[in-house]
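Here's the structure, in structure tokens; my notes come after.
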Amino acid sequence: MQFVRTSLLLVILVLSTPSWGQEYVPNEVIVKMKRSADSSSTHKFVGKVAINNKMALKQSWGRLNMHHFKLGKGQNMDQTLNEILLDPDVEFAEPNYIFRKQSAGIEGQPLSFSQLEDSMGQEGFNINNSNTFNQTTANIRASEAWGILSSSQNRPIVAVIDSGVDYTHYVFVDSGAIWENPGEIPSNGIDDDGNGYIDDVRGWNFVSQNNDPMDDDNHGTHVAGVVLGITQNILKPQ
């Protein structure tokens with residue numbers, strides 16, 4: 001199985017709010033436009049909120065039609081979000097939430113299959129009507145997926161958004177599981193595939209803003225091993 005990963009952006013600034021019930025970056029919002037919103041209506045919306053709500057555009061993800069704004073001084077989060085949601089072209093608007101990874105085990109001690117299912121197969125999140133995140137039980141049915149893919153000619157590409165991946169680990173090297181971007185020419189300093197990221201051959205590190213997704217925490221490597229269907233302790237040296 002092949003995969004590509006991107007590094008998870010872990011934000012240090014924290015603010016707890018009883019209104020939204022989840023930690024988020026102070027004075028920042030994420031807005032997603034509807035698929036029906038064309039480029040002209042999107043540009044019009046961005047300009048409108050910049051003027052009326054005095055918000056500064058920090059970043060946009062064009063293919064997703066999502067935008068990252070910083071609120072102006074003295075703006076109220078609830079009021080601002082309610083005003084944005086009145087726009088018919090807006091799919092959703094929410095604070096820039098902070099997510100923290102959970103420990104799946106102790107380094108050097110392999111997990112049993114039942115522990116693996118508990119730590120990886122039963123995690124999920126949903127938003128309820130009060131805009132708070134709750135953990136849910138969403139079994140990923142990994143054992144069934146491994147069984148199907150082991151006999152399949154069509155091996156999917158899986159994007160792992162985590163702390164990185166040790167792409168030099170013998171498990172991935174020997175299996176040839178690390179995805180390589182066919183649209184990029186390595187180390188030529190050019191964004192060959194035009195996706196906004198230069199030389200993203202193995203993926204992208206969104207924390208350091210570079211093309212090296214090497215794992216600095218081991219969590220992403222653990223997750224990638226689960227995706228690959230590794231039955232051994234992925235963190236144990238060869």
Side-chain angles (χ1 to χ4, degrees), residues 1-14 23 25 30 58-64 66 68 96-111 115-117 119-121 123-125 140 142 145-146 149 155-238:
M1 185 177 294
Q2 296 176 307
F3 69 95
V4 60
R5 48 79 56 209
T6 56
S7 293
L8 176 65
L9 178 61
L10 295 176
V11 184
I12 302 302
L13 294 174
V14 173
E23 291 181 337
V25 181
I30 304 294
K58 291 176 64 71
Q59 187 177 6
S60 289
W61 298 274
R63 293 185 179 181
L64 299 175
M66 292 179 64
H68 179 189
N96 186 12
Y97 288 116
I98 297 171
F99 291 89
R100 304 182 186 281
K101 74 177 181 66
Q102 295 178 328
S103 175
I106 301 174
E107 183 173 348
Q109 297 183 14
L111 296 173
Q115 289 174 313
L116 183 63
E117 285 203 314
S119 66
M120 298 298 297
E123 290 186 358
F125 292 93
I140 60 174
W146 292 332
L149 293 173
R155 304 172 73 189
I157 298 172
V158 179
V160 179
I161 304 174
D162 211 299
S163 61
V165 64
D166 182 0
Y167 47 79
T168 66
H169 195 291
Y170 69 95
V171 166
F172 303 119
V173 173
D174 292 348
S175 63
I178 298 295
W179 177 85
E180 292 188 0
N181 185 353
E184 283 290 337
I185 300 174
S187 305
N188 69 348
I190 299 173
D191 178 17
D192 298 291
D193 60 4
N195 67 353
Y197 305 106
I198 296 174
D199 292 337
D200 55 324
V201 177
R202 298 189 185 95
W204 193 258
N205 186 327
F206 286 93
V207 175
S208 301
Q209 291 298 321
N210 61 44
N211 59 7
D212 184 11
M214 175 58 73
D215 198 351
D216 58 3
D217 179 78
N218 286 329
H219 189 273
T221 301
H222 165 78
V223 174
V226 173
V227 173
L228 191 59
I230 300 301
T231 57
Q232 58 189 296
N233 180 9
I234 193 73
L235 300 180
K236 183 179 180 181
Q238 186 177 18

For a side-chain contact (heavy atoms from CB on, under 4.5 Å) check, start with the C-alpha distance between Ser163 and Asn218, then their side-chain angles and the critical distance, and finish with the verdict.
CA-CA 7 Å; Ser163 61; Asn218 286 329; over 6 Å; no
Within this structure, what is the NE2-CG distance for the pair His222 and Asp162, rounded to the nearest 0.5 Å?
9.0 Å
Can you tell me how far CD1 of Ile198 sits from CH2 of Trp204, rounded to the nearest 0.5 angstrom?
6.5 Å
Heavy atoms of Gly196 and Asp191 approach each other most closely as N-OD2, 2.7 Å
Is Asn96 reaching over with its side chain to a backbone N or O of Ile30, donor-acceptor style, under 3.5 angstrom?
no
Which residues satisfy the side-chain hydrogen bond (donor to acceptor under 3.5 Å, both in side chains) test with Asn211, sequence neighbours excluded?
none
Heavy-atom closest pair (Asp199 atom, Pro186 atom, distance to 0.1 Å) is OD1-C, 4.2 Å
To the nearest 0.5 Å, how far apart are CG in Asp192 and CG in Asp200?
9.0 Å
Using modelled atom types and a 3.5 Å cut-off, is there a donor and acceptor pairing between side-chain atoms of Asp166 and backbone atoms of Thr221?
no
Cut-off 3.5 Å, side chains only: do Asn205 and Tyr197 have a donor facing an acceptor?
no
Test your reading of the model: is there a side-chain donor-acceptor pair from Asp193 to the backbone of Glu184, 3.5 Å cut-off?
no
Phe172 and His169 aromatic ring geometry - parallel, tilted or perpendicular at 30°/60° bounds:
perpendicular
On the 0 to 90° scale, with breaks at 30° and 60°, tag the Trp61-His68 ring pair as parallel, tilted or perpendicular.
parallel
Report yes if the side chains of Val160 and Val165 come closer than 4.5 Å at any heavy-atom pair, otherwise no.
no
